[in-house]
Amino acid sequence: MCKPTYAILLFTLLSFACSKDNDSVSIPDPVEDWYVVSSIDNRTWALQEPKSSQGNVSYLITGSERAIMFDTGTGENKGQDGSRMMYKVKELTDLPVTLLLSHFHFDHNQNVAEFDQIALPKLSYLFDGVNQDNIYEFSSSELFVGSRPTSISVSEWLPLNSDIDLGDRYIQLVNLPGHTNESVVIIDHEKKSVFTGDFLYSGALFAFDAGDLRTYLRSMEKFLTIIDESYTLYGAHGSPKVSYQYLLNSMSLLKCIIEDDCYTESITTVFGKNATFYSSESDGTYFYLVHSD
């Protein structure tokens with residue numbers, strides 16, 4: 001064995017193999033830096049994907065007995081240990097993890113195959129939509145863009161508007177349609193935290209049918225009967241925290257689009273589809289109505 005001198009750094013000792021017969025260097029594979037993980041509290045983490053095309057944020061919500069992974073990202077990264085997301089989840093918890101999608105769009109579901117346990121909210125049309133093997137098949141409109149994943153195996157149906165016990169921690173699911181029919185938010189009333197998916201996030205919001213504008217507005221009005229300004233809101237894109245005022249401003253813009261004339265309007269395209277872009281004249285909120293034709 002050759003002997004290192006005092007001038008060799010500890011990094012060199014750990015990284016280089018020293019042999020009188022072999023001078024080759026063994027360099028470990030680089031650790032992926034795709035996710036930016038931040039702790040919301042000692043049981044909750046935000047997993048941001050700032051390098052993704054959609055700027056996604058997913059959330060790991062844990063109790064003492066189980067964990068909920070809320071969304072599973074875009075799948076655009078290379079990953080490590082044979083996975084694109086589960087490897088990062090395992091760094092944060094050793095609890096059994098159940099995946100729950102905030103909704104079915106392509107940029108929230110691309111790593112579903114890495115999760116053995118997948119839950120859906122117990123909405124009647126979803127519950128009736130599985131086959132005898134508990135397989136739910138996604139439609140192209142539910143994915144919005146692309147054709148994968150084609151389906152999921154549903155292992156659990158989570159109730160709406162009821163306590164769900166994660167072990168010393170309770171959460172509730174609330175269905176708030178508008179962005180999509182199946183959109184749900186997670187509320188932790190004790191911690192006063194709300195995970196809003198694409199129902200509300202830091203950026204322009206989306207609807208996909210003219211009738212969804214009124215649905216979206218009704219959902220926002222319902223949401224305001226459940227939470228107040230003391231709650232912290234966490235969205236699924238961009239900067240995780242969303243201000244309560246942004247919720248109020250977005251609701252005002254929706255009212256303007258439906259009832260008044262306090263907005264500007266332009267025609268554009270989104271993912272190759274025609275869309276109407278609305279912006280508030282007063283507070284910097286934005287809304288896209290994507291047309292299916």
Side-chain angles (χ1 to χ4, degrees), residues 36 38 40 46 48-50 52-59 70-71 102-103 105 107-108 144 174-189 191-271 273-292:
V36 174
S38 56
I40 293 173
Q48 294 177 252
E49 299 179 71
S52 71
S53 61
Q54 308 303 310
N56 280 59
V57 190
S58 304
Y59 296 92
F70 196 43
D71 286 340
S102 65
H103 63 297
H105 280 170
D107 52 330
H108 296 260
F144 179 52
V174 179
N175 174 224
L176 294 175
H179 180 68
T180 68
N181 290 334
E182 75 279 0
S183 289
V184 291
V185 303
I186 293 177
I187 304 177
D188 183 329
H189 286 291
K191 294 181 180 294
K192 292 198 170 183
S193 298
V194 188
F195 306 93
T196 56
D198 275 8
F199 174 72
L200 187 76
Y201 56 87
S202 300
L205 303 180
F206 284 74
F208 299 87
D209 184 271
D212 289 340
L213 297 175
R214 291 187 182 275
T215 300
Y216 219 133
L217 179 57
R218 287 194 297 269
S219 290
M220 286 189 170
E221 292 170 340
K222 174 183 176 180
F223 192 41
L224 286 174
T225 69
I226 301 171
I227 63 110
D228 56 38
E229 63 272 15
S230 66
Y231 283 72
T232 304
L233 311 178
Y234 298 94
H237 297 279
S239 176
K241 282 189 179 181
V242 187
S243 72
Y244 187 80
Q245 187 61 49
Y246 192 78
L247 167 62
L248 300 179
N249 292 347
S250 297
M251 188 169 69
S252 294
L253 175 57
L254 273 172
K255 286 182 178 179
C256 286
I257 296 169
I258 295 168
E259 301 171 359
D260 298 311
D261 192 24
C262 48
Y263 61 88
T264 58
E265 177 182 340
S266 60
I267 304 302
T268 185
T269 58
V270 176
F271 293 101
K273 302 177 186 293
N274 293 327
T276 304
F277 177 69
Y278 301 96
S279 59
S280 170
E281 294 178 350
S282 60
D283 56 33
T285 50
Y286 311 94
F287 210 97
Y288 284 97
L289 174 60
V290 181
H291 307 290
S292 57

Item to complete: Scan for disulfide (SG to SG under 2.5 Å) pairs involving residues 210-268, sequence neighbours excluded, and state none if there are none.
Response: C256-C262
Discussion item. Within the structure provided, determine whether N175 and E182 are in side-chain contact (heavy-atom separation under 4.5 Å).
Written reply: no
Worksheet, complete the sentence: For Y231, the ring-ring contact (aromatic ring centres under 6.0 Å, His included) test, sequence neighbours excluded, returns H189
Worksheet entry | Shortest non-hydrogen contact from V36 toward P50 | CG2-CG, 3.7 Å
Worksheet item: Is Y59 reaching over with its side chain to a backbone N or O of G235, donor-acceptor style, under 3.5 angstrom?
Response: yes
Item to complete: Search all heavy atoms of A275 against all heavy atoms of H291 and return the closest pair with its distance.
Response: CA-CD2, 3.6 Å
Practice prompt. Flag yes if more than 12 heavy atoms outside K241 fall under 6.0 Å of its NZ atom; otherwise flag no.
Written response: no
Discussion item. Can you list everything that forms a side-chain contact (heavy atoms from CB on, under 4.5 Å) with S52? Sequence neighbours excluded, please.
Written reply: W34, E49, N56, T74, E76
Fill in: Approximate separation, where rounding is to 0.5 Å, of M251 CE and L200 CG
11.0 Å
Worksheet item: Nearest 0.5 Å, what's the CG-CG distance between L289 and N274?
Response: 11.0 Å
Response to the item:
What one should report as the nearest heavy-atom pair of A204 and F287 is CB-N, 4.5 Å
Fill in: I226 CD1 to I187 CD1 distance, which is reported to the nearest 0.5 Å
5.0 Å
Worksheet entry | Contacts of S282 that satisfy side-chain contact (heavy atoms from CB on, under 4.5 Å) - sequence neighbours left out | S280
Fill in: Side-chain heavy-atom pair H237, D107 within 4.5 angstrom cut-off
yes
Worksheet item: Side chain of S219, backbone of P177: donor and acceptor closer than 3.5 Å?
Response: yes
Worksheet entry | pair V184-L176: side-chain heavy atoms closer than 4.5 Å | no
Worksheet item: What do the steps show when you test F144 against V290 for side chain to side chain contact (heavy atoms under 4.5 Å, CB included), and what is the final call?
Response: CA-CA 10 Å; F144 179 52; V290 181; 4.2 Å; yes
Response to the item:
Residues passing the ring-ring contact (aromatic ring centres under 6.0 Å, His included) test with Y244, sequence neighbours excluded, are none
Discussion item. Less than 4.5 Å apart, side chain to side chain, heavy atoms only: is that true for D71 and V57?
Written reply: no
Worksheet, complete the sentence: ring-ring contact (aromatic ring centres under 6.0 Å, His included) filter on F206, not counting sequence neighbours, yields Y288
Response to the item:
Residues passing the side-chain hydrogen bond (donor to acceptor under 3.5 Å, both in side chains) test with K192, sequence neighbours excluded, are S230
Discussion item. What I'd like to find out is whether the side chain of L205 reaches to under 4.5 Å of the side chain of L254, using heavy atoms alone.
Written reply: no
Discussion item. Suppose we screen for side-chain contact (heavy atoms from CB on, under 4.5 Å). Which residues come up paired with S202, at least two apart in sequence or across chains?
Written reply: S239, V242
Practice prompt. Just do the side chain to side chain contact (heavy atoms under 4.5 Å, CB included) check on T232 and V194 with the steps written out, would you?
Written response: CA-CA 6 Å; T232 304; V194 188; over 6 Å; no
Worksheet entry | Results of side-chain hydrogen bond (donor to acceptor under 3.5 Å, both in side chains) for S250 - residues two or more places apart only | none
Worksheet item: Rounded to the nearest 0.5 Å, what separation is found between the NE2 atom of H103 and the OG1 atom of T180?
Response: 5.5 Å
Practice prompt. Would you tell me whether H105 and D198 have side-chain atoms, one donor and one acceptor, within less than 3.5 Å of each other?
Written response: no
Worksheet item: How long is the span from the CZ atom in R218 to the CG atom in D212, to the nearest 0.5 Å?
Response: 9.5 Å
Response to the item:
Sorted by chain and residue number, the side-chain contact (heavy atoms from CB on, under 4.5 Å) partners of N249 (sequence neighbours excluded) come out as Q245, D283, T285
Worksheet entry | By ring-ring contact (aromatic ring centres under 6.0 Å, His included) - contacts of F223 (at least two apart) | F199
Fill in: Residue pairs, two or more places apart or on separate chains, that pass side chain to side chain donor-acceptor pair (under 3.5 Å) and touch residues 254-271
T264-S279
Practice prompt. Would you confirm whether the ring centroid of F70 sits within less than 6.0 angstrom of the ring centroid of F195?
Written response: no
Practice prompt. Evaluate ring-ring contact (aromatic ring centres under 6.0 Å, His included) for F208 paired with H179, printing each intermediate quantity in order.
Written response: CA-CA 7 Å; F208 299 87; H179 180 68; 5.5 Å; yes
Worksheet item: If you measure from CG on L233 to CD on E229, what distance do you get to the nearest 0.5 Å?
Response: 11.0 Å
